[in-house]
Amino acid sequence: MTEATALTPDELHELDELLDDLRQRAEEIPQWEFCDGFLTALVCTRRRIPAADYLPMLLGDGAALDVAEGSPLPLLPAFHDAAQQTRFMELWQRRWNEVEHQLDQPVETLEDERTFHPEAMDMRGAILSLPPEERAEVDGREIPSFGQVWALGFMFVVENWPEEWAAPRDKEVAQWLDDALESIVALAEDDTGEPEVCMYSDDGPPSTSLARVETFGEAIWAIYDLRQIWKTLGPRVEPVVAGDQPGRNDPCPCGSGKKFKKCHGR
């Protein structure tokens, strides 16, 4: 993957504006930070969830679309027209490819330029950096912690496709999975620590605790673990339930005239 294929700041701004427009027709449309967490979870899910299943869950009423595999998606009510939906899916797929590529790189430190970077927002830092008169407009509102909305988007996928996140039989791998998900859940909780750093800007007022920064780093490593777990195990294999079998001395159902034990029962 080349740097040119990653979403540019202008394209990320375009996504924000696109989602704002969708919100005029559907109030429950989430912010891009939530969408990015949702997308990352889909990349890490054991089975590839089709867009006909996940897109209505993210931007619609939750009901999967009845679309044959390979067929184009119908227009969701939240989109103004087919061109707007097509553009959203183009940007979405670009981000999907970027996340997949980053998670498949053999990084050993979060300082590696190839490291996966969640689209996490320090909303508290952004608000504290506003002029006093603008900051007063949001006084009293509950402001999410750094990375909290992103983690909620990730866990939304886990909660809505639980069968794809069920613990495997291997106890060691199951514990690995549980530990990784616990790291995401920790990021989905509120940051109640003493603000010491600003993740919005280097010289911004303190808005995030150092413990939160550590939690964020642990969540990133957890994403790598989850991706590796499901890549290693592969898609779930549904158990095959055999039908009624003839007795050993019954005629073989193939019509050979032999007893089952002497024919296909061998």
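The structure presented is a predicted model; accordingly, all values stated were derived computationally and were not measured.
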For the pair L55 and M89, evaluate side chain to side chain contact (heavy atoms under 4.5 Å, CB included) and give the outcome as yes or no after the intermediate values.
-> CA-CA 10 Å; L55 199 60; M89 294 307 297; 3.9 Å; yes
Hey, are the side chains of [X] and [Y] touching, using non-hydrogen atoms and a 4.5 Å cut-off?
| X | Y | result |
| --- | --- | --- |
| L7 | L15 | yes |
| L42 | W96 | yes |
| R227 | V43 | yes |
| L19 | Q31 | no |
| T40 | V157 | no |
| T208 | Y200 | no |
| L39 | Y54 | no |

Whether [X] side chain and [Y] backbone form a donor-acceptor pair below 3.5 Å:
| X | Y | value |
| --- | --- | --- |
| E33 | D122 | no |
| Q105 | H101 | yes |
| S209 | T192 | no |
| Q102 | R114 | no |
| S71 | V67 | no |
| R46 | W165 | no |
| R212 | L187 | yes |

Using the side chain to side chain contact (heavy atoms under 4.5 Å, CB included) rule, take E11 and R94 through it: C-alpha gap first, then chi angles, then the decisive distance, then the call.
-> CA-CA 10 Å; E11 288 170 329; R94 289 261 305 282; 2.8 Å; yes
Restricting to non-hydrogen atoms, name the atom on [X] and the atom on [Y] that form the minimum distance, rounded to 0.1 Å.
| X | Y | answer |
| --- | --- | --- |
| Q85 | L76 | OE1-N, 2.9 Å |
| P206 | L128 | O-CD1, 3.5 Å |
| C198 | G204 | CB-O, 3.5 Å |

Keeping to residues at least two apart or across chains, list the ring-ring contact (aromatic ring centres under 6.0 Å, His included) pairs with something in residues 115-146.
->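 For residues 115-146, and leaving out neighbouring residues, the ring-ring contact (aromatic ring centres under 6.0 Å, His included) pairs sorted by first residue read F146-F216.
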According to the ring-ring contact (aromatic ring centres under 6.0 Å, His included) rule, which pairs have a member within residues 61-82, sequence neighbours left out?
->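 The answer is F79-F88.
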Full working for side chain to side chain contact (heavy atoms under 4.5 Å, CB included) between T45 and W230 = CA-CA 7 Å; T45 301; W230 298 136; 5.7 Å; no
Salt bridge between D191 and R124, side-chain N to carboxylate O under 4.0 Å?
-> no
Taking 4.0 angstrom as the limit, do E14 and R95 come out as a salt bridge?
-> no
Mind checking whether [X] and [Y] sit in one hydrophobic cluster, side chains of I, L, V, M, F, W, Y counted as touching below 4.5 Å?
| X | Y | value |
| --- | --- | --- |
| L65 | I29 | yes |
| I143 | V197 | no |
| L59 | W150 | yes |

What's the spacing between Q24 CD and D21 CG if we round to 0.5 Å?
->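 Here the interatomic distance stands at 5.0 Å.
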Separation between CG of L103 and CD of E98, rounded to the nearest 0.5 Å =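 Taking CG in L103 and CD in E98, the distance rounds to 10.0 Å.
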Do the rings of W32 and W92 sit parallel, tilted or perpendicular, given the 30° and 60° boundaries?
->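 W32 vs W92 ring planes: perpendicular.
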Checking side chain to side chain contact (heavy atoms under 4.5 Å, CB included) for the pair Q84/L18: CA distance, chi angles, key distance, verdict?
-> CA-CA 8 Å; Q84 187 183 52; L18 197 156; 4.2 Å; yes
